[in-house]
Amino acid sequence: MDLKEIKLNTEQQIVAQHAKVNKIVESNQEKVLHAFQKLRVSDSHFNPTTGYGYDDFGRDTLEALYAEIFDAEDALVRPQLISGTHAITTALFGVLRPGDELLYISGEPYDTLEEVIGTSGTKDKGSLKDFGVTYQSVPLTAEGSFDEAKISESVKSETKVVAIQRSKGYDDRPSFNIERIASIIKYVRSLKKDVIVFVDNCYGEFVETKEPLEVGADLIAGSLIKNPGGGITRIGGYIAGRESLIEQCSYRLTAPGLGKETGASLNSLQEMYQGIFLAPHIVGEALKGAIFSARFLDLLGFHTSPPFDAERTDLIQSVNFETAEQMIRFCQTIQQASPINSHVKPQPSAMPGYEDEVIMAAGTFIQGASLELTADGPIRPPYTAFVQGGLTYAHVKIAVVNAAGQLIEEGMVKLD
């Protein structure tokens, strides 16, 4: 059997999964459309502001739009939030105070948050630890589930924020779907009613028909160069949730007393509005690509997670390799199949926020955009490449098939 036959077999085997994605896309698209109509969005909302950004009604309406879509009381949606890590940092610093405790119940968070929290790096960099905020995390069970017994032991009087990372990120564990998040939030509330439940929503927006705020979370955050930016928003992040918490976050983003009243939108509004409108469809394209990648690479003998027929809650598709050389070459061949910088050959290198060298294939129109097709990961056992995104399903197919073909041609993988 050659690659063409395996590709055709894959497409035949994933029809049912793609049909499910289509239904989710339509449901989310209808929700987003109704929000636009309810808020009477017009082209006048695209007009930019400069300087202080006072009375920026386009910015204010965009934030009301996000609040409506994500079932929040209020939201911050700003180009001044430069990444998902920055949005999460702003949220945590916004609501935590000296003497409070941050408790992650989904294991350790992304590598990029280690210096934010203060578990790595040097003192006096302005971490939460430097400001007297304590931290602990609860490891997941061997099966990758929340450990309720240990969570119960860990929640104390000073626990102010319980945090959940929805996506597995660079970990070898399942991502948490909305049903599981709802269940654990209910359990946490039984332990401490007034605790703030924060969910890192990166990579998860519009993958399911509900979002964390709809099942009891108080605060969520994410990046606009991931799912909600629709593949066209060039910068930005969002924080959404309870109005009082958003106010605190806004004071951290700007300054106490200024909050949401300032922050010029410059020329970012049209792409932010259009991006959130396109997001359900583009996320659907990326999901279809992930499902194809999972089954196609599985048929070639690779271990893929989640499996192609699993219920999904984020965009991330991981692929395990036997050696670092296989992983590096796979990422390089994904880069070769990119529309931008296809001639560039990425190499493992040090990256801010990560302890291990990272290989990153990202031939994207927007630098670092995870809704566009990328393949990356830290060079450490079990040599896992994290493949995510894809503005079109066709591009994902082409890239993954070409990458596999290149590995076979170079003798790094045998086609059985």
Side-chain angles (χ1 to χ4, degrees), residues 3-15 17-22 24-25 28-29 203 205-207 223-234 271 274-275 277-300 302 304 306 308 312 314-319 327 329-346 359-377 385-409:
L3 281 184
K4 185 176 180 181
E5 290 176 297
I6 295 172
K7 175 186 169 185
L8 290 173
N9 284 347
T10 299
E11 290 174 323
Q12 292 168 359
Q13 292 174 31
I14 62 177
V15 170
Q17 283 68 39
H18 278 198
K20 290 180 181 178
V21 171
N22 289 337
I24 292 169
V25 168
N28 285 327
Q29 190 69 73
Y203 303 104
E205 300 91 348
F206 303 116
V207 176
S223 167
L224 300 195
I225 64 169
K226 295 184 174 71
N227 301 23
I232 65 170
T233 306
R234 290 171 292 175
E271 66 191 47
Q274 191 170 7
F277 180 76
L278 291 171
H281 170 70
I282 303 299
V283 168
E285 292 292 287
L287 281 174
K288 290 177 183 178
I291 292 166
F292 173 87
S293 299
R295 188 54 178 156
F296 178 77
L297 294 171
D298 176 58
L299 290 174
L300 288 176
F302 294 98
T304 60
F308 81 99
R312 291 176 181 259
D314 67 4
L315 298 184
I316 296 178
Q317 180 65 51
S318 64
V319 186
M327 174 187 169
R329 192 68 186 117
F330 177 84
C331 292
Q332 290 172 340
T333 54
I334 291 292
Q335 181 79 35
Q336 290 172 8
S338 300
I340 308 301
N341 291 327
S342 61
H343 58 286
V344 172
K345 191 173 184 179
I359 179 80
M360 182 166 288
T364 57
F365 290 93
I366 296 165
Q367 188 181 92
S370 301
L371 187 56
E372 300 184 53
L373 179 60
T374 59
D376 50 76
F386 297 86
V387 184
Q388 63 254 333
L391 298 180
T392 70
Y393 169 49
H395 176 223
V396 179
K397 282 198 298 184
I398 292 167
V400 171
V401 172
N402 285 354
Q406 192 71 27
L407 291 178
I408 293 167
E409 184 179 321

Heavy-atom check, side chain of [X] versus side chain of [Y], under 4.5 Å:
X: Thr233; Y: Ile225; result: no
X: Lys397; Y: Glu11; result: yes
X: Thr364; Y: Ile340; result: no
X: Ile291; Y: His18; result: yes
X: Val283; Y: Leu371; result: yes
X: Thr10; Y: Phe308; result: no
X: Ile366; Y: Ile232; result: no
X: Lys4; Y: Ile6; result: no

Straight-line distance of [X] [atom1] to [Y] [atom2], nearest 0.5 Å:
X: Leu300; Y: Leu407; atom1: CG; atom2: CG; value: 9.5 Å
X: Phe386; Y: Met327; atom1: CZ; atom2: CE; value: 7.5 Å
X: Asn227; Y: Gln388; atom1: CG; atom2: CD; value: 10.0 Å
X: Asp376; Y: Gln335; atom1: CG; atom2: CD; value: 11.0 Å
X: Ile14; Y: Lys20; atom1: CD1; atom2: NZ; value: 13.0 Å
X: Ile24; Y: Arg312; atom1: CD1; atom2: CZ; value: 11.0 Å

Residue pairs fulfilling side-chain hydrogen bond (donor to acceptor under 3.5 Å, both in side chains) with at least one residue in residues 283-294, sequence neighbours excluded: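 The answer is Asn22-Lys288.
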So which atom in [X] and which in [Y] form the shortest heavy-atom distance, rounded to 0.1 Å?
X: Cys331; Y: Ala385; value: SG-CB, 4.1 Å
X: Leu315; Y: Ala286; value: CD2-CB, 4.0 Å
X: Ile334; Y: Ala399; value: CD1-O, 3.8 Å
X: Gln317; Y: Thr304; value: NE2-CB, 3.5 Å
X: Gly231; Y: Leu391; value: CA-CD2, 3.8 Å
X: Ala337; Y: His395; value: O-NE2, 2.9 Å

One pair to check against side chain to side chain contact (heavy atoms under 4.5 Å, CB included): Phe296 and Leu3. What are the steps and the verdict?
CA-CA 9 Å; Phe296 178 77; Leu3 281 184; 3.8 Å; yes
- Taking only Lys NZ, Arg NE, NH1 and NH2, and the carboxylate oxygens of Asp or Glu, determine whether Glu205 and Lys226 approach each other closer than 4.0 Å.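 Not counted as a salt bridge, because no side-chain N and carboxylate O are separated by less than 4.0 Å.
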Given the rule in the side chain to side chain contact (heavy atoms under 4.5 Å, CB included) test, do Thr374 and Val387 qualify, once you have shown the distances and angles that lead to the verdict? CA-CA 6 Å; Thr374 59; Val387 184; over 6 Å; no
Practice item. Run through Gln12, Gln17, Gln13 and flag the one making a side-chain hydrogen bond (donor to acceptor under 3.5 Å, both in side chains) with Arg295. Key: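 Only one option passes, and that is Gln13.
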Passes side chain to side chain contact (heavy atoms under 4.5 Å, CB included), Gln29 versus Phe206? Steps please. CA-CA 9 Å; Gln29 190 69 73; Phe206 303 116; over 6 Å; no
> Crowded around Glu5 CD? As in, over 12 foreign heavy atoms under 6.0 Å?
Replying inline: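 Yes - once you tally the heavy atoms of other residues, nucleotides and ligands closer than 6.0 Å, there are more than 12.
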* To do: Give a yes or no answer on whether the side chain of Thr333 reaches the backbone of Phe330 with a donor-acceptor pair at less than 3.5 Å.
  =>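 Judged by distance alone, yes, a pair lies under 3.5 Å.
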